[in-house]
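Notes follow once the structure below has been shown.
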There are 2 protein chains.
Amino acid sequence: MSQPTEQPSERPAGRAVPTSADVARLAGVSRATVSYVLNNTSAVRISEPTRRRVREAAEELGYVPHAAARSLRAGHSRMVLLPTPHVQVGPLYSQFFNEFQWALRRLDYTVVQYGSVGLEAEEAARAWAELRPVAVVALGESRLTGQGVEILKRSGARAVITLGTEKVEGAHALVMDQGRVGEAATAHLVETGRRRIGVVVPEEPGLAMFSGPRLEGARRAVAGTGATVVPLPLRYEEESANALAARWRALDLDGVFAYNDEYAMLLMRALQDAGVAVPAETAVVGADDLLLGRLLRPRLSTVRIDMVIGRELAELVDRAVREPEAPPRTSDLMASRVVRRESS
Amino acid sequence: MSQPTEQPSERPAGRAVPTSADVARLAGVSRATVSYVLNNTSAVRISEPTRRRVREAAEELGYVPHAAARSLRAGHSRMVLLPTPHVQVGPLYSQFFNEFQWALRRLDYTVVQYGSVGLEAEEAARAWAELRPVAVVALGESRLTGQGVEILKRSGARAVITLGTEKVEGAHALVMDQGRVGEAATAHLVETGRRRIGVVVPEEPGLAMFSGPRLEGARRAVAGTGATVVPLPLRYEEESANALAARWRALDLDGVFAYNDEYAMLLMRALQDAGVAVPAETAVVGADDLLLGRLLRPRLSTVRIDMVIGRELAELVDRAVREPEAPPRTSDLMASRVVRRESS
DNA sequence: TTGAAAGCGGTACCAT
DNA sequence: ATGGTACCGCTTTCAA
């Protein structure tokens with residue numbers, strides 16, 4: 001550039017970002033005093049007039065402290081990093097998530113979601129580590145490897161928590177036992193006299209971490225009852241459902257756990273169109289207890305999933321941060337119960 | 001504490017977080033050299049053997065650079081901050097969002113979502129400003145005030161972009177003209193001969209920013225046609241829908257735009273249960289083109305919304321960052337078209 | 001080709 | 001009750 005080099009060229013118009021030094025200058029005090037006042041440092045007494053002058057100066061300049069500088073000096077941050085899940089999440093999850101964030105904030109943590117679409121597990125971990133979070137809470141399928149956990153801990157993370165089904169070496173694993181969902185649904189079907197039970201397994205990628213355990217749970221439920229379980233691959237598309245419905249009679253199933261309410265609705269519609277009577281011929285059970293299930297005819301039986309309240313998880317994170325050496329408390333964060341309606 | 005003061009007590013077990021100085025020491029070079037090697041600084045030539053020693057040392061220590069220190073020194077970051085929306089978002093939005101994040105990363109930005117549940121507009125803005133983001137993109141109803149924008153810009157944000165319906169003083173406003181959705185749906189109803197048209201207005205808080213403009217759009221569509229629009233408040237609950245259906249005949253409506261597919265399904269079910277024939281007596285149109293709409297009987301007519309591709313928005317953000325003084329380009333990011341099925 | 005050192009914005013100890 | 005100052009980890013001249 002041909003511009004004189006003394007021109008910063010960084011903030012072309014408008015003055016520079018105010019720092020605590022600017023506040024100090026305007027208030028006629030030292031930077032230390034500014035820090036004391038703005039942080040209400042109890043160990044130091046500052047006279048009321050001085051406090052006021054500092055506050056007014058900060059206000060006038062629109063001063064906002066620089067989080068990076070602060071945490072650099074402090075040697076740690078209170079940032080909890082949440083890798084954003086790749087898969088589409090349901091309303092249940094969203095509510096839980098909001099609650100969790102809110103609770104963490106109450107505990108004085110800064111919650112930040114960091115998306116890592118299109119990054120490999122390890123480079124993602126490295127990217128997260130650059131932010132020096134005090135804790136990382138991976139909720140979904142974000143494949144966090146043992147290697148990744150090691151990177152994070154080496155860079156100062158005091159707690160790495162996975163919330164899911166896979167247990168990762170070195171991380172606190174909070175299981176959400178998806179198996180229970182399949183178990184509850186299938187047990188219900190068995191109890192109501194069904195013997196040959198289909199279990200829908202979505203073919204969409206990213207759902208495997210839920211569908212696998214649910215299928216396993218279904219298998220547990222039939223063990224020793226004489227009933228059998230048949231996995232049913234299904235894409236969330238009308239054609240896929242119709243194809244499945246077309247060969248329904250050949251499958252000879254009298255009950256089906258459809259993974260969740262959406263797949264259940266898809267399948268039930270296809271079954272009805274194919275002339276299969278629900279629940280007379282085949283009982284259908286979904287999961288998630290969506291409102292839409294109540295609108296179907298017959299009304300859809302479902303498994304209602306109650307996730308642990310966000311506050312509980314937030315406290316668990318806080319404890320893990322304060323006592324990193326404590327043994328990973330493996331809690332189960334889900335409770336499942338069947339809501340029987342008309343489709344089963 | 002009675003512990004000797006020389007004990008850091010910060011990392012009780014396990015060694016300290018490695019810094020570039022540690023890498024330098026291990027590699028037998030200076031910190032400067034480490035920086036040069038790890039950043040591939042082209043202005044400086046470092047011998048290949050040295051490069052290797054540095055890389056190996058970094059690898060061995062598990063060194064990850066400290067983002068805060070880096071951006072503090074640099075005087076700026078490439079963080080784009082996205083306040084997380086409070087309302088539950090649909091699958092359309094999620095897809096768009098992922099694409100947007102991906103595109104921003106490709107442009108070398110660090111995308112971070114910051115939740116602000118339970119914070120007032122201005123304190124939220126201050127919290128965001130502490131992170132010194134280079135840009136803030138507020139997508140939802142996160143009420144960003146003119147005051148908030150001012151705070152952010154004062155603290156170095158080169159672009160503040162709102163994506164929504166409200167225009168905020170000082171921010172680049174990218175309108176997503178929700179009105180078009182209501183306009184398209186209603187125009188379709190009018191063209192197919194409907195005269196008294198209901199427009200569902202969800203009572204759920206947080207949806208007002210969508211429902212208001214959609215209602216206005218509906219009003220535009222009937223202007224001068226002789227048709228009329230009747231707002232229909234509705235909660236997303238079965239009882240509310242039933243109550244509305246019970247007084248349907250009294251309302252004397254022959255068409256309804258039901259806000260979106262979910263509300264449409266809710267309402268259509270209630271209408272059918274109340275004996276109102278769809279579409280013979282009343283036509284129903286939803287929006288979002290969810291798969292579930294195709295499963296209903298009659299199949300639900302809908303408005304398909306195509307959002308701008310995330311890449312386009314990412315480039316727009318990039319341009320705004322590089323030329324903060326350029327006039328806010330107000331682009332429309334949505335295209336709406338009616339998909340007629342059987343319910344209209 | 002490499003090293004020494006200044007400085008980014010805060011905080012907290014130690015003086016005064 | 002305040003101010004001076006060292007330092008957190010990293011980048012980037014400037015010298016050698």
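Proteins get letters first, then strands, A, B, ... in listed order; numbering begins at 1 in each.
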| When you check the gap from the basic side-chain N to the acidic O, do Glu130(A) and Arg126(A) get nearer than 4.0 Å? |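 No.
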| said: How would you summarise protein contacts on nucleotides 7-16 of chain C per nucleotide, using B for base, S for sugar-phosphate only and - for none, with heavy-atom distances below 4.0 Å? | reply: BBBBBBB---
| task | Tell me, please, the opening and closing nucleotides of DNA chain D, 5' to 3', among those with an atom under 4.0 angstrom from a non-hydrogen atom of chain A. | result |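 Contacts span dA1(D) to dG9(D), reading 5' to 3'.
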| query | Trp128(B) and Ser155(B): side-chain donor and acceptor closer than 3.5 Å? | reply |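 No donor-acceptor contact under 3.5 Å links the two side chains.
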| request: Mind checking salt bridge (Lys or Arg N to Asp or Glu O under 4.0 Å) for Arg52(A) and listing every partner two or more places apart, or none if nothing turns up? | output: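 Listed in chain order: Glu56(A).
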Just how far is it from atom [atom1] of [X] to atom [atom2] of [Y], taken to the nearest 0.5 Å?
| X | Y | atom1 | atom2 | value |
| --- | --- | --- | --- | --- |
| Leu104(B) | Asp318(B) | CG | CG | 8.5 Å |
| Gln101(A) | Gln113(A) | CD | CD | 5.5 Å |
| His66(A) | Ser20(A) | NE2 | OG | 11.5 Å |

| query | So with a 6.0 Å cut-off around CD of Glu123(A), is the heavy-atom count from everything else above 12? | reply |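 Yes, enclosed.
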| task | Look at the rings of Phe96(B) and Phe100(B) and say which category their plane angle falls in: under 30° parallel, 30 to 60° tilted, over 60° perpendicular. | result |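 Rings of Phe96(B) and Phe100(B): parallel, under 30°.
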| query | So what does Thr50(A) touch, heavy atoms closer than 4.0 Å: a base, only the sugar-phosphate, or nothing? | reply |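 Sugar-phosphate, no base atom in range.
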| With nearest nucleotides of DNA chain D determined for Glu48(A) and Ala67(B) from heavy-atom distances, which residue corresponds to the more 5′ nucleotide? |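 Comparing both residues, the 5'-ward one is Glu48(A).
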